[in-house]
Each structure stands twice: as C-alpha cells, then as structure tokens.
Amino acid sequence: MKERKKMVVGNWKMNTTISESIDLAVDIKNKIKEIEDIEVVICPPFVSLNSISLNLGGSFLRLGAQNCFWEPEGAYTGEISPKMLQDICHYVILGHSERRQYFGETNIQVGKKVKAALEFDLIPIICLGESKTQRARGQTKKIVLGQLRGALNFLDRGEVGKVVLAYEPIWAVGARNPDEPGEITKVTALIREEIKNNYGKNVVRYVRILYGGSVEPKNVAILTQTGVDGFLIGRASLDAQRFVKIIQVLEDLYVSARN
Ligand code: PGA
C-alpha cells in the first residue's frame with residue numbers, strides 16, 4: 001500500500017451534458033501542469049464517464065463515479081454496478097449526504113456499496129457528516145462514527161486501509177462558508193482515533209481523510225491547517241479556473257512545506 005498522497009476530488013453532481021463535460025475535463029487537463037504532490041480526481045455524471053476517459057488518455061487526471069449499486073449485475077432497473085465502472089474509474093463517491101437525504105441511503109446500504117466497490121478494484125470515497133441540528137445537540141460523534149461503522153462494516157483490515165473518507169458537515173455543502181477549521185480538526189481526529197482503535201495504527205496511517213463543503217480558492221489554504229489529506233469539491237469543480245486555482249494553492253503549500 002502507498003503512503004497518503006494528497007488528493008483533490010471534483011464532484012460535478014448532476015451537472016454538464018456529455019459535450020460540456022468533455023470540454024470541462026479537457027480544460028482542466030490542459031490547465032494543470034507538472035503536478036506531483038496531489039492526486040486529482042474528477043467525478044462527472046455516469047453518462048459522460050466513457051467519453052471523458054477516451055479524451056483523457058495518458059493524462060494524470062483520474063476518474064471517479066458519483067455512486068454505484070452493490071450487486072454486480074441483474075434485474076435492478078436504472079442502477080449502475082461497480083463491475084460496469086471498473087474499467088473506466090479508479091474511484092467512486094459513496095454515501096454523499098445528497099444521496100442519504102434525497103434517496104434514503106442508509107449506513108448499511110453504504111456499507112454494502114463500499115464492499116462491492118472494493119471487490120471490483122474501485123476505491124470508495126465515503127462521505128460522512130452530521131446535520132446542523134445534530135451538531136447543535138452535541139450528536140456529531142455519534143452520527144459520524146455511526147456512519148463510519150456502517151460504511152466499514154463488511155471490510156477486513158486490508159480493505160479498510162484502502163478507503164478514502166470525506167468529512168462533509170451537511171450545512172456546509174453548497175453553502176457560503178466552510179465549517180470552522182477547529183471543528184474539522186476535532187471531527188477528523190475522532191475518525192482517525194476510531195479507525196486506530198478498531199483496525200490498528202498500521203491501517204489508519206493509510207486512510208486518507210478529506211474535507212468537503214464550500215471549499216474555494218480563497219479558503220483552501222486555511223483549511224489545510226486542519227490536517228486533512230485533501231478536499232472534495234462541488235461547485236468550484238465545475239469551473240476549470242477555480243478548480244485549478246485550488247490545486248495550485250495546495251501544490252504551492254505542499255512544495256514549500258517539503259523544501
Ligand atoms: P460544495 O459541495 O463544494 O458545492 O459545497 C461539496 C460536496 O458536495 O462534495
């Protein structure tokens with residue numbers, strides 16, 4: 001297994017037609033030069049994945065899907081399986097708060113999807129996060145660790161070491177401002193502690209934890225002080241200039257920290 005390489009993931013959600021998505025992917029690819037320290041992943045809608053993968057040949061940009069089902073095939077009208085994605089994607093976002101909220105995804109279902117994704121060599125990017133009311137009631141730990149346990153429920157230690165987690169407090173997604181850096185630091189530390197206690201320190205050191213929720217070029221530098229391994233980005237990833245600016249800010253920070 002590899003060390004924790006920093007990571008920036010763009011979640012395009014239900015945006016862009018096929019031709020718009022190809023243009024955006026190619027624009028991002030052309031704007032990013034010589035990037036060493038950061039793994040960059042874009043997650044376009046399902047219908048665009050194949051065309052984009054053909055247009056990105058030889059590029060360092062990696063592709064991710066935004067969801068998948070847990071069965072490899074069968075009578076599941078409208079679903080997309082990890083088996084269908086394995087040839088075009090490296091990653092798959094699972095358990096995003098919008099899927100939990102609008103499509104009723106449960107912790108157990110997310111766990112089944114996570115297991116299935118890994119069986120087809122897709123790395124799951126698992127989203128965790130509490131609502132504003134839950135935060136106000138002091139339930140952050142209970143909710144986030146409950147989601148974490150559900151997501152990792154069917155995995156062995158080796159598999160746990162491969163997953164990527166994204167802490168996204170629900171009210172910060174699609175909002176004006178990200179969560180407070182101090183809060184992000186606390187919650188990501190809780191997540192690390194839980195994985196260490198359940199799977200050991202040799203597993204937790206491989207698990208990347210991202211932050212997501214209103215990340216923009218102007219706030220990303222301060223958010224790195226939370227100790228996260230990268231960012232999951234919605235709106236700003238739909239604008240090549242903003243997305244690439246975020247990556248450049250991070251690259252500059254990481255390079256100067258290394259030197
Ligand atoms: P946002 O979305 O960057 O638009 O807040 C983040 C996400 O949903 O992952």
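Both backbone and side-chain heavy atoms feed into the values below; hydrogens, waters and symmetry mates do not. Each ligand, and each atom within it, is numbered from 1 in the order the structure gives.
At least one side-chain heavy atom of Leu49 sits less than 4.5 Å from a side-chain heavy atom of Pro44. Side chains of Ile247 and Ile35 form a contact here, defined as non-hydrogen atoms less than 4.5 Å apart. Counting heavy atoms from C-beta outward, Gln109 and Phe103 have side chains that stay 4.5 Å or more apart.
The nearest heavy-atom contact from the protein to atom 4 (O) of ligand 1 is Arg235 NE, 2.7 Å. Atom 7 (C) of ligand 1 has its closest protein heavy atom at Glu168 OE2, 3.2 Å. When hydrogens are left out, the protein atom nearest atom 3 (O) of ligand 1 is Gly234 N, 2.8 Å; that is the closest non-hydrogen contact.
Under the salt bridge (Lys or Arg N to Asp or Glu O under 4.0 Å) criterion, the residue pairs touching residues 8-26 are Lys13-Glu98, with sequence neighbours excluded.
Phe154 does not carry Lys112 over the face of its six-membered ring by the limits of under 6.0 Å from the centre and within 45° of the normal.
Heavy atoms of Gly213 approach ligand 1 to within less than 4.0 angstrom. Proximity of Glu216 to ligand 1 is not established, as no heavy-atom distance is less than 4.0 Å. Residue contacts with ligand 1 leave out Gly212, since none of its heavy atoms falls under 4.0 Å from the ligand.
Taking every heavy atom of Ser214 and a limit of under 4.0 angstrom, the matching atoms of ligand 1 come to 1 (P), 3 (O), 5 (O). Under a 4.0 Å criterion applied to the non-hydrogen atoms of Lys13, ligand 1 contributes the atoms 2 (O), 7 (C), 8 (O). Every atom of ligand 1 is numbered from 1 in the order shown, and the set under 4.0 Å from a heavy atom of Leu232 is 9 (O).
The distance criterion of under 3.5 Å between nitrogen or oxygen atoms is met by His96 with respect to ligand 1. In terms of polar-atom proximity, Ala175 is not counted as a contact of ligand 1, lacking any N or O under 3.5 Å from an N or O of the ligand.
When only modelled atom types and interatomic distance are considered, Tyr167 and Glu130 share a side-chain donor-acceptor pair under 3.5 Å.
Checked against side chain to side chain contact (heavy atoms under 4.5 Å, CB included), Ser214 has the following partners two or more places apart in sequence or in another chain: Ala175, Pro178, Arg235.
Under the 4.0 Å criterion applied to side-chain N and carboxylate O atoms, Arg192 and Asp229 are assigned as salt-bridge partners.
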